[in-house]
Amino acid sequence: MNKSLVALAFGTLGLGTAEFVTMGVLPELAQSLEISHAQAGHFISAYALGVCIGAPLCALLAGARPLKHILIGLMAIVAIGNLCSSLSSQYGMLLVSRLIAGLPHGAFFGVGSIVAEKLAEKGKEAQAVSIMLVGITIANLVGVPLGIYLSRLWSWQASYALTGLWGLVTLIAIIRWLPSLPPLPSNGLKGQFVFLKYPAPWFILGITFMLNGGFFCMYSYIAPLFIHQSGFSETSISLLLMLTGAGMCLGNLINGRLADQFGPGRVTLWTAGIFIIVLISLFFLAQNSWIAVILVVLSGSCVFGVGLTEQVLILRHARGGEMIGTASIQIAFNFGNAVGAYLGGIPLSAGYAETYTIVPALSMVIPAFFLVLCFCRKYEYTRKRGRTILALRYRLVRKLPIFLRLSRTVKHNN
């Protein structure tokens, strides 16, 4: 495997762990800082806010600098932000450090996707991006459980120290393994936003927001669903989440191969359709413990599989503004997470069972499916028909001299 892609995967592994580990150490944070669980949740919001602010800001400030230098700078901020979090002992200091840690998140995914596509063999661009993105799925499989374990063993600071040190390891890997790449052509500040004049990027951002929002309607409350509906014990939740992380990893890699073969738009459409079937099945079969696990693993595979295709699609439809486009995907992703978690909590607040979190999930995923269908009809299928028509015209033009000679022969004989 290309060591450059491994270095990028190291980065997404660290970022995924940094984003999700706070959810696992929330009780320890609240107890140590003597704050409520709701106040401890502000650290999650601070990181998400950092992602939303930092994604376009870092992309704009990076300008026309060499891509390798941009990634080095972003990973340095990741290491500093998380190491500062591990040294924090007060609410305000930790809040600021989580905001700083989130700033490079979206920009790293954006620039990393561009680099992965440039390093890929022709026809294997989606697979290269999937290798980079596999890091965030491994974060859910290994990084987050390890961070939670260290938090139980020592303190919550250890989980952030782990992420900060991993940031330093990734920094070294990028310096040593990533080749020097020329900067992207400079289109000026205004030129980087020109792609937003066209409908295709808005389709992609809307699909990202709605599919991820639908997933997090359900997944934000997956622990109580497993415990109260599927009958699992609290001690088994970490293992179940690791299985879900394995499903995310497989979905990402499988969709990478399929996207190169069939096109990212079509693969997104198929995956969204499967996701709807999985959610409906989970609503009715959540009480069957192992069927519920299989369905949750499949749902993770679907969502992180389309996460890859969305990234590839925005690269194709944001020419001239790739950094802003790919950074915008992370904003849509995180905004979907926040809205999904809120909507999923509404039926629980009304006294309904955990399975009813799937109702608002479907209310986002079903419209997303039709949005993907519209996108494919407008861009994917039309382009394929256009290529077919051009191929037919080319064949006809090549055979035209034969027809002309044949007609002259027939006329001469007559």
Side-chain angles (χ1 to χ4, degrees), residues 1-2 4-16 19 51 54-56 58-60 62 65-75 78 104-139 170 173-174 177-179 181-185 192 195 200-201 204-205 207-208 212 248-249 251-253 255-260 263-265 267-268 303-334:
M1 188 183 294
N2 191 323
S4 300
L5 298 178
V6 173
L8 295 176
F10 278 6
T12 59
L13 169 58
L15 290 167
E19 182 176 19
V51 174
C58 291
L60 288 172
R65 291 177 176 82
L67 296 173
K68 181 176 179 177
H69 294 176
I70 297 172
L71 289 174
I72 290 171
L74 293 173
M75 194 45 60
V78 171
H105 184 109
F108 186 93
F109 276 89
V111 178
S113 298
I114 296 168
V115 171
E117 191 183 45
K118 286 182 175 293
L119 295 174
E121 297 177 26
K122 188 170 179 59
K124 295 186 177 180
E125 292 84 358
Q127 289 184 53
V129 176
S130 75
I131 292 171
M132 184 203 77
L133 293 178
V134 81
I136 196 168
T137 62
I138 294 175
T170 305
I174 290 172
W177 294 346
L178 206 68
L181 292 168
L184 293 174
Q192 292 189 57
F195 73 95
I204 298 164
L205 293 174
I207 291 163
T208 303
N212 285 283
M248 294 172 181
C249 183
N252 176 66
L253 292 173
N255 271 20
R257 289 185 175 274
L258 293 175
D260 281 329
V267 174
T268 304
V303 168
F304 278 78
V306 296
L308 156 74
T309 55
E310 291 155 357
Q311 202 81 16
V312 174
L313 283 171
I314 201 71
L315 282 171
R316 293 183 179 180
H317 291 276
R319 297 301 181 190
E322 289 92 343
M323 283 195 192
I324 297 296
T326 48
S328 299
I329 287 288
Q330 294 302 312
I331 297 174
F333 184 94
N334 280 271

Checking side-chain contact (heavy atoms from CB on, under 4.5 Å) between L8 and each of V129, L133, V115, I131, which is the one that passes? V115
Search all heavy atoms of G325 against all heavy atoms of A318 and return the closest pair with its distance. CA-CB, 4.3 Å
F10 side, atom CZ; I174 side, atom CD1 - distance, nearest 0.5 Å: 10.5 Å
Can you tell me if D260 uses its side chain to pair, donor with acceptor, with the backbone of Q127 under 3.5 Å? yes
Under a 4.5 Å cut-off applied to non-hydrogen side-chain atoms, are M75 and V78 in contact? yes
Min side-chain heavy-atom separation I136-F109 under 4.5 Å: yes
I need the E117 CD to R316 CZ distance, nearest 0.5 Å. 7.5 Å
Over all heavy atoms of both residues, which pair between G112 and L71 is shortest? Give the atoms and the distance, please. N-CD2, 4.1 Å
Only counting residues at least two apart or in another chain, list the ones meeting side chain to side chain donor-acceptor pair (under 3.5 Å) with S130. none
OG-CD distance between S113 and Q330, expressed to the nearest 0.5 angstrom: 7.5 Å
First locate atom CG of L5, then atom CH2 of W177, and finally report the distance between them rounded to the nearest 0.5 Å. 11.5 Å
L119 side chain reached by P179 side chain, heavy atoms, under 4.5 Å: yes
Separation of I314 CD1 from I204 CD1 (nearest 0.5 Å): 4.0 Å
In Å, rounded to the nearest 0.5 Å, how long is the span from CG of L74 to OG1 of T170? 12.5 Å
What heavy-atom pair brings V51 and G106 nearest, and what distance separates the two atoms? CG1-N, 4.2 Å
Expected output: side-chain T12 to main-chain M132 donor-acceptor under 3.5 Å: yes
Side-chain heavy-atom pair I329, L205 within 4.5 angstrom cut-off: yes
If we only count heavy atoms from C-beta on, is the L15 to H105 side-chain gap below 4.5 Å? yes
Could you tell me which non-hydrogen atom of C249 sits nearest to which non-hydrogen atom of I138, and how far apart they are? SG-CG1, 4.4 Å
